[in-house]
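Notes follow once the structure below has been shown.
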There are 2 protein chains.
Amino acid sequence: MKEIARLADVSLGTVSNVLSGLPTVREPLRKRVLEAVQALGYQPNQLARGLRRDKTNIIGMVISDVSNPFFAAVVRGAEDTAFKNGYRLFICNSDNDFTKEQTYLREMQTYLPSGLIIMTSNIKGSLALAEEYRKAGSAVVYVDRLPHHWTGDTVTSMHEDGAYQATKHLIGLGHKLLSMIGGSSQLTNSGERVAGFRKALREARITLKPEYIQEGKFDKESGYQKATLLLNMSPRPTAVFAANDLLALGALNAIRHFGLRCPEDISVIGFDNLDVAEFVTPSLSSVEQSVYQLGAVAAQMIVDRIQGDTGPRKERVLTTALRLRASVAPPPMQDAAKRARHKPSGKN
Amino acid sequence: MKEIARLADVSLGTVSNVLSGLPTVREPLRKRVLEAVQALGYQPNQLARGLRRDKTNIIGMVISDVSNPFFAAVVRGAEDTAFKNGYRLFICNSDNDFTKEQTYLREMQTYLPSGLIIMTSNIKGSLALAEEYRKAGSAVVYVDRLPHHWTGDTVTSMHEDGAYQATKHLIGLGHKLLSMIGGSSQLTNSGERVAGFRKALREARITLKPEYIQEGKFDKESGYQKATLLLNMSPRPTAVFAANDLLALGALNAIRHFGLRCPEDISVIGFDNLDVAEFVTPSLSSVEQSVYQLGAVAAQMIVDRIQGDTGPRKERVLTTALRLRASVAPPPMQDAAKRARHKPSGKN
DNA sequence: ATGAAAGCGCTAACAT
DNA sequence: ATGTTAGCGCTTTCAT
């Protein structure tokens, strides 16, 4: 920048004014400066600028794991919107590890980010730091899963309604012995999906023993493991609603290894509608959420806040939609018959 | 930091020395400083530190797209290794867009990263900037695909050998009319895979019309499109080797929409062995590369260089292995018979 | 409208 | 062994 000042024969301050787009600089000088910038291929040092401005063009983004396609899609939505507006995403993989999330959050704060997008793995732990970010002047948005006492901006999906619709569909097909594999009960998204599942059951006057609702970890391994548990139960459920597609994929594997067929013996519905849902066999029915939009909307909120939006708290809730594919069918006849014989008056 | 100095009743420089781990500070002082750090929950401002040191703990990483599971896996390998060593990954999605890659590269340089990991989409364009990074003191490693005149560190897979083994396997099953869908011919990884394919053909004395080797774009859409072209050719190929799994997935779709069956009518082998390969129907045979390792090794190289390794250029080449699944079978009998009738003396 | 200069938080060279 | 201070590249007030 010093060189530019020398080359254009102006002061340092003038160069800065030109670069910051201040209208106070007159045409001849402005032009000379811009030419010098071109000639030298100058790029402003973001470290120095950030230090001085007390703010960089970084937006921090905390997720569990980019190699999970759900998070990857949210990241892309956020990145596209951020990039278009001149902001850059700094991705932090927490791996659902409290310590790692904390380390990232603390350190990233000292990079003076303009904003923070959190898909936390620790509903409790991140809140205090998030508030610190806000106090320090960063715009903060929680996405997909929320801490209970967060009073700032949020973007989520209609978890409960999506789960409700999926469950209702299964019930409509004649399923009476349903089961569910949830994610971590700490996560509000998973909690709401379980609530939607229960709501549909309640409306249909179906009561389920508690063990038919298993709690997993939002990955394939968990899905396999919990589905195995469910398949060993007696009576065996005729439908599994999984709180996300990864769990559903694991469940599909378990069903296969059990020598059972999906959907003939047991129906499966997932959540998220990942790309992979249409590729698996049988193709997986799933509750679609606008994953890319989740990120895009969050980033746009941040950008708006940075640009001075001081309006009240925003809580965007994106719609979900049931995508039916081959993994769903009415319950098997013989099972229904068997159950009827064994428990003629049962509520199940 | 000023506050710490005050609280511990020492000078600013001493605080800095303690934090930088210099052994010159005596125990009593050192302890007082550390206590003050704890008490205040101090975190060093990375912007200021980086500005002064002329280097941050950032490692830039340029990829096409995190939502592509291949890149996501490489990123995770790199992130884990980087994080363990105190470095943070700054992900840049180039989207195979030269301008975007350039923008990211130029701007990120002003964040004074310690290192740069590039999986470039522009074999030519990135080279000049990469050299700039090197000159500026950043460690640079090219991964998976290389510019032709790069003389620095690299990590790649055995693209050619992997493709060779896959093709040889198809030939061994009796396939004589093979086809291939490559990625962008500009990318060295794709080029080497095509070379491996050709090498196996050559050894088996099989000649192919040029149109049986199509060039795509490393995504599903391209796979679908190019496979459609291939399926319309006469004679129709009995096997498709796709330069990556995404292309193979698209090809699988095309085959299905054509009313053909895989592997009965046509065999398919992909490359990368993504998780999804075992979930699709038929499960996809693929050339496995150690995707996670690709990133992990690259990050380790960077860390080593930062820590003073001044040894000669390193060119790590990771092994590949053919993973056979359901998508591969011998060529259909009737086709072979038909072809024999139509072109009794043909080389194909 | 332009220039001069202070200072963001830190490190490192130098002085004590 | 510890303290003092210049300065990294930039923005922003304050003079001019």
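Being a predicted model, the structure only gives us computed values, none of them experimental. Residue numbering restarts at 1 for every chain, and letters A, B, ... go by the order of the sequence lines.
- At D:dG9, none of the side-chain N or O atoms of A:R49 fall inside 4.0 Å of OP1 or OP2 (strictly under the cut-off).
- Proximity of a side-chain donor or acceptor of B:S20 to a complementary backbone N or O of B:L22 within less than 3.5 Å is not detected.
- Residue A:Y42 places at least one side-chain N or O under 4.0 Å from the OP1 or OP2 atom of D:dC10.
- Each of A:L47 and B:S11 was matched to the nucleotide of DNA chain D holding its nearest heavy atom; the match closer to the 5' end belongs to B:S11.
- Taking atom CG of B:N17 as the reference point, atom P of D:dT4 lies 13 Å away to the nearest angstrom.
- The CZ-P distance, from A:R52 to D:dG9, rounds to 16 Å in whole Å.
- Listed pair B:S16 / C:dC10 fails the phosphate criterion, with no side-chain N or O lying under 4.0 Å from OP1 or OP2.
- Phosphate contact (OP1/OP2 of D:dA1, side-chain N/O of B:R26, threshold under 4.0 Å): absent.
- Salt bridge absent: B:K84 and B:D80 never bring a charged side-chain N and a carboxylate O closer than 4.0 Å.
- Among the nucleotides D:dG3, D:dT11, C:dG3, the one closest to the side chain of B:V10 is D:dG3.
- Here B:L29 lies in heavy-atom contact (under 4.0 Å) with sugar-phosphate atoms only.
- When each of B:L105, B:T120, B:L129 is checked for a side chain to side chain contact (heavy atoms under 4.5 Å, CB included) with B:V62, only B:L105 meets the rule.
- Distance CG (B:D9) to P (D:dT4): 11 Å, rounded to an integer number of Å.
- For the pair B:T14 and B:A48, nearest-nucleotide mapping onto DNA chain C gives the more 5' position to B:A48.
- Among the heavy atoms of the strands, none lies under 4.0 Å from B:L19.
- Taking 4.0 Å as the cut-off between side-chain N and carboxylate O, B:R134 and B:E131 count as a salt-bridged pair.
- Spacing between atom CG of A:N57 and atom C1' of D:dC10 amounts to 14 Å, rounded to whole angstrom units.
- The CD-P distance, from A:Q46 to D:dC10, rounds to 10 Å in whole Å.
- Separating the CG atom of A:L51 from the P atom of D:dC8 is a distance of 13 Å, rounded to the nearest angstrom.
- At a threshold of 4.0 angstrom between heavy atoms, the contacts of B:D54 with the nucleic acid are absent.
- Atom-to-atom, NZ of A:K55 to C1' of C:dG9 comes out at 15 Å; the value is rounded to the nearest Å.
- Atom CD of A:E3 and atom P of D:dG9 are 10 Å apart (whole Å).
- The residues A:D95 and B:R76 are annotated as salt-bridged, a charged nitrogen and a carboxylate oxygen being separated by less than 4.0 angstrom.
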